[in-house]
Amino acid sequence: MAIRDLEYSPTVLAYFDQPHRAGTLKVPKTQMVEGRSGTTREGFVVQFQLQVAGQAITDGRYRVYGCPHGIAAAAWVVDQLIGGATRNVGQIRPQQIAEALDLPVEKMYVALIVEDALKQCAAQVEEE
Amino acid sequence: MAIRDLEYSPTVLAYFDQPHRAGTLKVPKTQMVEGRSGTTREGFVVQFQLQVAGQAITDGRYRVYGCPHGIAAAAWVVDQLIGGATRNVGQIRPQQIAEALDLPVEKMYVALIVEDALKQCAAQVEEE
Amino acid sequence: MTKRVYMDYAATTPVDPCVIEEMNRYLGPSDLFANPASSHWAGAEAKKAVEGARERIAHKLGAHPTEIVWTSGATESNNLALKGVAAYYQTKGRHIVTARTEHKAVLDSAQALQSEGFEVTFLTPDESGVVHPDQIKSVLRNDTILVSLMHVNNEIGVIQDIHAVADICRARGVLFHVDGAQSVGKLPIDLSRLPVDLLSFCAHKIYGPKGVGGLFVRRHPKVNLSPLQHGGGHEYGFRSGTVPSHLVTGFAHAVELAVDHMGVESTRIGTLKKRLYDGLRDTPRILLNGAVGTTVPNILNVSFAGVEGESLLHGLRNLAVSSGSACASASREPSYVLRALGRDDALAQASIRFSLGRFSTESEVDFASALVAEQVARLRDLAPECLISDI
Amino acid sequence: MTKRVYMDYAATTPVDPCVIEEMNRYLGPSDLFANPASSHWAGAEAKKAVEGARERIAHKLGAHPTEIVWTSGATESNNLALKGVAAYYQTKGRHIVTARTEHKAVLDSAQALQSEGFEVTFLTPDESGVVHPDQIKSVLRNDTILVSLMHVNNEIGVIQDIHAVADICRARGVLFHVDGAQSVGKLPIDLSRLPVDLLSFCAHKIYGPKGVGGLFVRRHPKVNLSPLQHGGGHEYGFRSGTVPSHLVTGFAHAVELAVDHMGVESTRIGTLKKRLYDGLRDTPRILLNGAVGTTVPNILNVSFAGVEGESLLHGLRNLAVSSGSACASASREPSYVLRALGRDDALAQASIRFSLGRFSTESEVDFASALVAEQVARLRDLAPECLISDI
Ligand SMILES: Cc1ncc(COP(=O)(O)O)c(C=O)c1O
Ligand SMILES: Cc1ncc(COP(=O)(O)O)c(C=O)c1O
């Protein structure tokens, strides 16, 4: 048996049912940054693609293997970043994700893995 | 809690409800024999008075303190003896009582105490 | 048809119709029948009901919901309290104190512990059944880990001063377990003020179903127990096994009804008991077991001198009462409770426990006292005259 | 309203309406509610019902009524069997054999015994969940007192060859306990021919009430047990406590219904299970847990590669099923049963137990397979591509 319905916040539930922007970007690799973290053993793998135009994130996609919290975390992060500045990418903190999605403590590792994948994206932004 | 209804045979039930001939004889002591046995500690005390005329038992009474089996045993014995010969008094065996009343084994002591009281009566018959 | 009257409410009670209604909701066909341990919506709803029941009972007893552990009855609660505490605290000490008039569930558990090397002091109450707090105080030792005392005795209805005993135990750092099977729902109990550590109780004495009970296990200060029943760690690890949702919800409903109507009901029943006792007193040579004023309103226990117990009970066969003979066996063992109070065997056996309840009426009480008068007189008439003063 | 389907009959079942009717007769207002241990007419009637229930169950299982001991459920039965035998026979030996895929009630009891100094051998079944009788034979020792094996596994439905194991144990003079919680009423069991010594079972898996179970304890050759619960010596001294007449009569009714309709019902349910499995096989990369032909008709357990377990279960939230995650906790512990069969953690967690029952329909089965297909596809689509071959 697993986690009960009631333990998911409305935001998590909504993202789980409508994980819009899941998938991959259909633009050349040169116009995007990518990050990926997690393992199936940890029960969570996430991959981000963010389309960069100058200092702005113009689009983004994710793929995710994980629990509903994990799916929501990936989707939420992409929603936050699109339309914003590239410098935001490295600035999303696990605590923010946890608060936005009402993560239970035992799910904090999801936010940490997301942060890790975002850091990879941020590093690529800097390189460019 | 105690013995259940079902454990009493119809004969026991009948004597319990209609213990006829309970009481004492209203004749001079010289015309009767008496016997008594048992203690309250044993849960059973029985007393017989049998009216003797020649070789015959012409009437009888009993008094009894005890369980329904005991009441029935006392009443049944007197019923058996009245109208019969005095020599019967010493011949009623515990096993007969037990069979007539369907006594459970743990109630055999009742029949033994009855036999004891009857033996006292029989001894007096012989003396006379 | 023969008139028959049930006057054995201390043995068990019929289930209140409202309670039955609540129970049946958890049997199906709606999804509420689900296993409360299941993670799906149906399990979640069943769990909500089970946890709701825990809250409802806790609320009525002044406890916290997490302090209520479901069991299969007061027998299991008593076993869990005694053996669970003994196993958990055995390195602290191996001495236990209880009384000779406790229910068999406590006495037999205590004896089982004795055979495992625990030492048990069995106190003898005074002739009215009261165990004096001073008696407890005087036998506590440094290695005493538990005192177990019943709130209300099931045979004679005597009420113990559990508050005084609780204070003594708390002061000495000894755990205190109360067998409340005959008091919960009948006497006011506020566990937020009463410093007992463990309280056993069950549903079927208060118009709830048989097969379910509770054990209050205090959290502050924290009491620990080793479980008796393993298998998945339900009930905070204290008691494994699928929680019977229909039973615990019915139990909660029964506790609510009993506590909410306690004042009115105990006054009404107390008046009936007085009427019964007044009626019985027309019969000479009766002895009251448990002093007036120290017993609960629903239990009246009387000994009848000069009458043999089994015949008395058979004479009263259309009145469902309990006698002073022990157990459902053919043995003539007299009640160990009445023996502990000093009654001899014959008197103990010629004792009747009348216990009244929610559906008892004046006419039932009058039927009882008339029947008793008739049968006692009849049986005494049968007895050899010499016995009349004898016993 | 959202369509929801219950497919968790192996966790618990709704109570059959006929069973509810029988149960309610023992709750009141008629005198049948009385305590079966009471000596008056009302108690005698309740006792008759309780003993009648014992006979009814014994009859359906090929046992003698005195071989059936009432308990509060299969958890208690398992505890009583293991701990009761261990305590009683400990001077004969202190070695016990069981399997790693047993129910927690057996495993945790065995562990509790380990901590008391008993030695327990936990056998690992093969990858389809079968414990081979030879495995048992090879670990028996001179000091082995008990073998405990479940008849049908609750997670994957695999059936053990208990007859072969029973013969081995009998030949070696070792007691054999079977946890039959998932088999009684579902598979034919004739204890007059099957030489098991102890059999645990309960009502709520077969449309009877929660809170009641039974333990078969063989009389010839005689098996002994030390009781776990003391207090008056009910149930031949094996288990004290007021017998819940409504629960045991309902239990008897449930056993009768289950055994009498076993043939028809298992065929019908087996057909439904095949339909479900056929439907699920449209989804690629699924793995069956428990080999075809070795499992009961009502349980189907499947692992879904490439899908995370918690999301799968949430995706199936309108289908009441059990997942391969353990316990009702937020922990991500994968099922120890599936782990013992060699599934890795991720696969164990992405496993679903579908269990069908008396009220399952074709349309429910079709709903389930369509929902599973949709959700598995959707979740796999979400996953990073590299994972597709990964898991
Ligand atoms: C004082 C007391 N303790 C314990 C019990 C046992 O309770 P249960 O019948 O729920 O096992 C009873 C009643 O039988 C009782 O009166
Ligand atoms: C195989 C098995 N054994 C034991 C149990 C425990 O039974 P109960 O729920 O009656 O305590 C269950 C079910 O929960 C089971 O499936």
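These numbers come from the heavy atoms of this one structure, side chains and all, not from hydrogens, waters or symmetry mates. Numbered from 1 within each chain, the chains take letters A, B, ... in sequence-line order.
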A.B. asks: Shortest non-hydrogen contact from A/Q47 to D/P384?
C.D. replies: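 Closest approach of A/Q47 to D/P384: OE1-CB, 3.4 Å.
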A.B. asks: Please tell me if the side chains of D/R317 and A/Y8 come closer than 4.5 Å, counting only heavy atoms from C-beta onward.
C.D. replies: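 With C-beta onward as the side chain, the pair stays apart.
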A.B. asks: With rounding to the nearest 0.5 Å, note down the distance linking NE2 in D/H314 to NE2 in A/H69.
C.D. replies: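 If I round to the nearest 0.5 Å, the distance is 9.0 Å.
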A.B. asks: For residues D/D345 and A/T40, determine if any side-chain heavy atom of one lies less than 4.5 Å from a side-chain heavy atom of the other.
C.D. replies: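 No - every pair of side-chain heavy atoms lies 4.5 Å or more apart.
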A.B. asks: When you compare the side chain of A/F16 with that of D/L379, does any pair of heavy atoms fall below 4.5 Å?
C.D. replies: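 Answer yes - side chains close enough.
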A.B. asks: What part of D/R378 gets within 4.5 angstrom of chain A, counting heavy atoms only: side chain, backbone, both, or neither?
C.D. replies: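 Side chain of D/R378 only, per the 4.5 Å heavy-atom cut-off to chain A.
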A.B. asks: Side-chain contact, heavy-atom cut-off 4.5 Å: A/K107 with D/E310?
C.D. replies: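 Touching, per the 4.5 Å side-chain cut-off.
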A.B. asks: Give me the contact list for residues 17-33 of chain A versus chain D, heavy atoms only, anything under 4.5 Å, ordered by residue number.
C.D. replies: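 A/D17, A/P19, A/A22, A/T24, listed by number.
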A.B. asks: Which pair of non-hydrogen atoms, one from A/C67 and one from D/S311, has the smallest distance, and what is that distance?
C.D. replies: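 For A/C67 versus D/S311, the nearest heavy atoms are C-OG, 3.1 Å.
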A.B. asks: Do side-chain atoms of A/R41 reach the backbone of D/A346 as a donor and acceptor pair under 3.5 angstrom?
C.D. replies: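 Not confirmed, A/R41 side chain does not pair with D/A346 backbone.
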A.B. asks: Does A/R93, at its CZ atom, have more than 12 non-hydrogen atoms belonging to other residues, nucleotides or ligands within less than 6.0 Å?
C.D. replies: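 Yes, CZ of A/R93 has more than 12 neighbouring heavy atoms, counting only those of other groups under 6.0 Å.
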